[in-house]
2 protein chains.
Amino acid sequence: MMSENTEKPIVLVIDDESEIRRFLRVSLSASGYEVHEAATGEEGVTRAALLRPDVVILDLGLPDVDGIEVLQRLREWSHVPVIALSARHGDADKIAMLDAGANDYLTKPFSVGELMARMRAARRNAQPAPESSVMQVGDLRIDFASRAVTVSGAPVKLTKTEYALLHLLAENAGKVLTHRQLLRGAWGPEYENETHYLRVYMGQLRKKIETDPNNPRYIMTESGVGYRLIG
Amino acid sequence: MMSENTEKPIVLVIDDESEIRRFLRVSLSASGYEVHEAATGEEGVTRAALLRPDVVILDLGLPDVDGIEVLQRLREWSHVPVIALSARHGDADKIAMLDAGANDYLTKPFSVGELMARMRAARRNAQPAPESSVMQVGDLRIDFASRAVTVSGAPVKLTKTEYALLHLLAENAGKVLTHRQLLRGAWGPEYENETHYLRVYMGQLRKKIETDPNNPRYIMTESGVGYRLIG
DNA sequence: GCTTTGCGTGAAAAACGCGTGAGAAACGCG
DNA sequence: CGCGTTTCTCACGCGTTTTTCACGCAAAGC
């Protein structure tokens with residue numbers, strides 16, 4: 001494959017603010033990453049093509065091209081995990097970013113610890129997926145082949161739609177799925193604005209698989225954005 | 001395993017022409033095979049179930065059932081190598097036969113030498129076939145070889161379609177089979193939307209194999225999705 | 001501080017899928 | 001040809017699932 005175990009993982013930072021780049025260069029290098037940088041979107045795409053990085057950190061507020069476009073061009077040929085950075089305001093950008101295929105996002109300011117945790121998660125879930133057909137998260141166990149779900153061994157009965165949602169979340173464990181993505185996946189493209197469906201069904205799902213539905217351990221909600229199954 | 005090294009290899013000849021049977025009996029016996037015979041397709045399937053032969057020689061031109069069907073029924077529970085014999089020269093038969101799971105094909109007339117060479121080849125390539133050919137779930141017992149179904153010892157009479165469905169379910173015990181899969185499997189691809197057939201037949205099946213058809217223990221329905229045999 | 005926005009909840013209404021019985025049509029066998 | 005069996009068709013009742021709606025609450029924005 002790529003530089004998996006033999007070398008340091010390569011991370012490409014695409015951001016026009018030099019302070020941020022410097023900050024990330026220092027902290028990520030110290031943690032064992034090989035850090036490369038690009039100051040513009042154009043340069044970012046080019047460098048990514050040459051470098052084949054293991055993970056990309058992409059700022060939305062680029063001067064030349066929109067972050068979305070950078071991501072789209074990246075996705076035309078690569079499945080590299082991408083973590084989006086956004087300045088506080090603007091849910092719309094974040095959502096567009098996730099819809100376009102970003103794996104996760106962070107709002108500035110952020111802590112290095114959190115960033116690195118998300119990078120690990122993104123890389124972990126970006127595996128070529130030799131899909132073992134059964135996944136386990138904590139006490140939650142999903143057998144995709146038999147379509148069976150259990151919580152600490154006890155079988156859970158899910159309806160068609162509930163299972164469809166959980167399946168989507170599980171396939172992308174650790175990754176934020178936008179409302180739109182979930183609705184498209186479980187109901188179809190023509191439902192992508194019926195976000196209230198999600199509230200109802202996430203509630204039902206939690207009631208069935210969470211021990212304490214008020215403090216969810218598995219299905220986390222990303223306010224204004226979507227939902228995520230921990231992974 | 002079966003009678004591999006310790007005994008003579010057993011060969012079952014299914015052919016309605018007595019001269020061919022005699023010819024094969026003489027020549028194969030002389031070469032160290034234990035030869036058994038069946039004159040009809042029906043008898044052939046039955047004898048194969050009892051004998052567990054190491055190789056089967058199957059004529060296509062049988063009076064009662066089509067050779068293809070004999071082969072299909074054999075393949076429902078066994079991986080025994082089958083060599084097809086045919087008087088016809090058409091490619092169509094050949095293809096159909098091989099599609100149905102025959103290992104090789106000979107057109108009459110043929111030489112004993114060639115037949116035996118192909119038998120050796122077929123046996124060499126044969127799978128270890130760990131198939132037990134009979135499955136038991138609770139009180140329900142299905143013998144794929146003889147197509148016999150019993151509930152707590154009592155034999156149950158199933159129609160062709162009922163058995164086809166149960167067979168599908170049993171092959172995938174524990175997994176959910178979608179309406180579409182069941183309909184394709186039991187009726188054919190052009191029936192994949194006739195979900196009401198399933199309701200009728202699942203009802204009949206349950207009436208025959210469930211002690212309490214209202215609270216099924218074996219055939220579970222997954223609403224909006226399909227059915228599943230517990231396992 | 002007040003308004004806005006999004007999330008979670010419960011409960012009712014509507015839609016859907018399932019099981020059933022019974023009759024018609026097709027088939028298989030003598 | 002005639003009979004019994006099997007498959008197909010249909011319509012009804014019922015339980016489940018989906019959809020809709022209104023409200024309380026909390027966090028974010030002005």
Side-chain angles (χ1 to χ4, degrees), chain A residues 86-92 94-95 107 147 156-166 176-180 182-183 185-188 190-210 212-228, chain B residues 40-42 63-66 69 147 156-166 176-180 182-183 185-188 190-210 212-228:
Chain A
S86 87
R88 165 102 43 160
H89 32 256
D91 266 354
K94 273 190 301 201
I95 294 172
T107 28
R147 204 180 165 280
V156 175
K157 213 182 136 198
L158 297 182
T159 72
K160 184 186 162 75
T161 313
E162 287 161 3
Y163 181 82
L165 279 175
L166 184 59
V176 178
L177 291 180
T178 63
H179 297 137
R180 178 171 306 230
L182 290 165
L183 288 161
W187 278 271
E190 61 275 31
Y191 288 78
E192 63 181 26
N193 294 321
E194 318 285 333
T195 54
H196 53 285
Y197 283 19
L198 288 179
R199 296 201 204 99
V200 174
Y201 273 90
M202 288 301 169
Q204 290 177 359
L205 257 181
R206 282 180 174 145
K207 218 178 289 179
K208 291 187 179 181
I209 69 176
E210 299 277 3
D212 178 7
N214 295 338
N215 282 44
R217 289 193 307 147
Y218 300 122
I219 300 179
M220 314 305 279
T221 129
E222 304 281 332
S223 191
V225 179
Y227 294 85
R228 143 179 19 220
Chain B
T40 68
E42 202 57 62
D64 54 342
V65 257
D66 195 335
E69 200 194 317
R147 298 185 142 222
V156 174
K157 208 181 142 200
L158 296 181
T159 71
K160 218 185 172 68
T161 313
E162 287 161 3
Y163 181 82
L165 280 175
L166 185 59
V176 177
L177 290 180
T178 64
H179 298 136
R180 178 168 305 227
L182 290 166
L183 287 162
W187 278 272
E190 61 274 31
Y191 287 78
E192 63 181 25
N193 294 321
E194 317 286 333
T195 54
H196 53 284
Y197 284 18
L198 288 179
R199 298 204 203 100
V200 174
Y201 274 89
M202 289 300 169
Q204 291 177 359
L205 256 180
R206 282 180 174 145
K207 221 178 287 179
K208 291 186 179 181
I209 69 176
E210 299 277 2
D212 178 7
N214 294 339
N215 282 44
R217 288 193 307 147
Y218 300 122
I219 301 179
M220 314 304 276
T221 130
E222 303 280 333
S223 193
V225 182
Y227 294 84
R228 161 176 124 244

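On a predicted model such as this, the values are computed, not experimentally measured, just so you know. Reminder, nothing fancy here: chain letters follow the sequence lines and each chain counts from 1. Values below: all heavy atoms of this structure, side chains included; hydrogens, waters and symmetry mates excluded.
Searching all strands for a Watson-Crick or G-U wobble partner of dG30(C) with both distances below 3.5 Å returns dC1(D).
In this structure, N214(A) atom CG and dG24(D) atom C1' are separated by 13 Å, rounded to whole Å. Atom C1' of nucleotide dC16(C) and atom CH2 of W187(A) are separated by 16 Å, given to the nearest angstrom. Whole-Å rounding puts the E194(A) CD to dC7(C) P distance at 15 Å. Atom CG of L198(B) is separated from atom P of dT20(C) by 14 Å (rounded to the nearest Å). One can place NE2 of H196(A) at 18 Å from P of dG10(C), the figure rounded to the nearest angstrom. Rounded to an integer number of Å, the gap from E222(A) CD to dG6(C) C1' is 14 Å. Straight-line distance from the CD atom of E162(A) to the C1' atom of dT19(D): 14 Å, rounded to whole Å. Atom-to-atom, CE of M202(A) to P of dC7(C) comes out at 11 Å; the value is rounded to the nearest Å.
Between Y201(B) and dT7(D) there is a side-chain N or O to OP1 or OP2 distance below 4.0 Å. One finds no side-chain N or O of T195(A) lying less than 4.0 angstrom from the OP1 or OP2 phosphate oxygen of dG6(C). The phosphate of dC18(C) has OP1 or OP2 within less than 4.0 Å of a side-chain N or O from H179(B). In terms of phosphate contacts, Y227(A) brings a side-chain nitrogen or oxygen within less than 4.0 Å of OP1 or OP2 of dG8(C). When the side-chain nitrogen and oxygen atoms of K207(A) are compared with OP1 and OP2 of dG10(C), one or more of them lie within a distance under 4.0 Å. For R199(B) and dC18(C), the shortest distance from a side-chain N or O to OP1 or OP2 is below 4.0 Å.
Using a 4.0 Å heavy-atom cutoff across all strands shown, T161(B) reaches sugar-phosphate atoms only and no base atom.
Nearest nucleotide to the side chain of K160(B), out of dT9(D), dT7(D), dT17(D): dT7(D). You'll find that the side chain of V200(A) is closest to dT20(D), out of dG19(C), dT20(D), dT17(D). Nearest to the side-chain atoms of T221(B) among the listed nucleotides dT18(D), dG10(C), dC18(C) stands dC18(C).
Annotation: side-chain contact (heavy atoms from CB on, under 4.5 Å) contacts of R228(A) (sequence neighbours excluded): D104(A), R118(A), V176(A), E222(A).
Atom NZ of K160(A) sits in a sparse spot, with 12 or fewer heavy atoms from other residues, nucleotides or ligands closer than 6.0 Å.
The backbone N or O of I219(A) sits less than 3.5 Å from a side-chain atom of E210(A), completing a donor-acceptor pair.
Between K157(B) and E162(B), the closest heavy-atom pair is O-OE1, 4.2 Å.
Using a 30° and 60° split on the angle between ring planes, Y191(B) and Y197(B) fall in the tilted class, from 30° to 60°.
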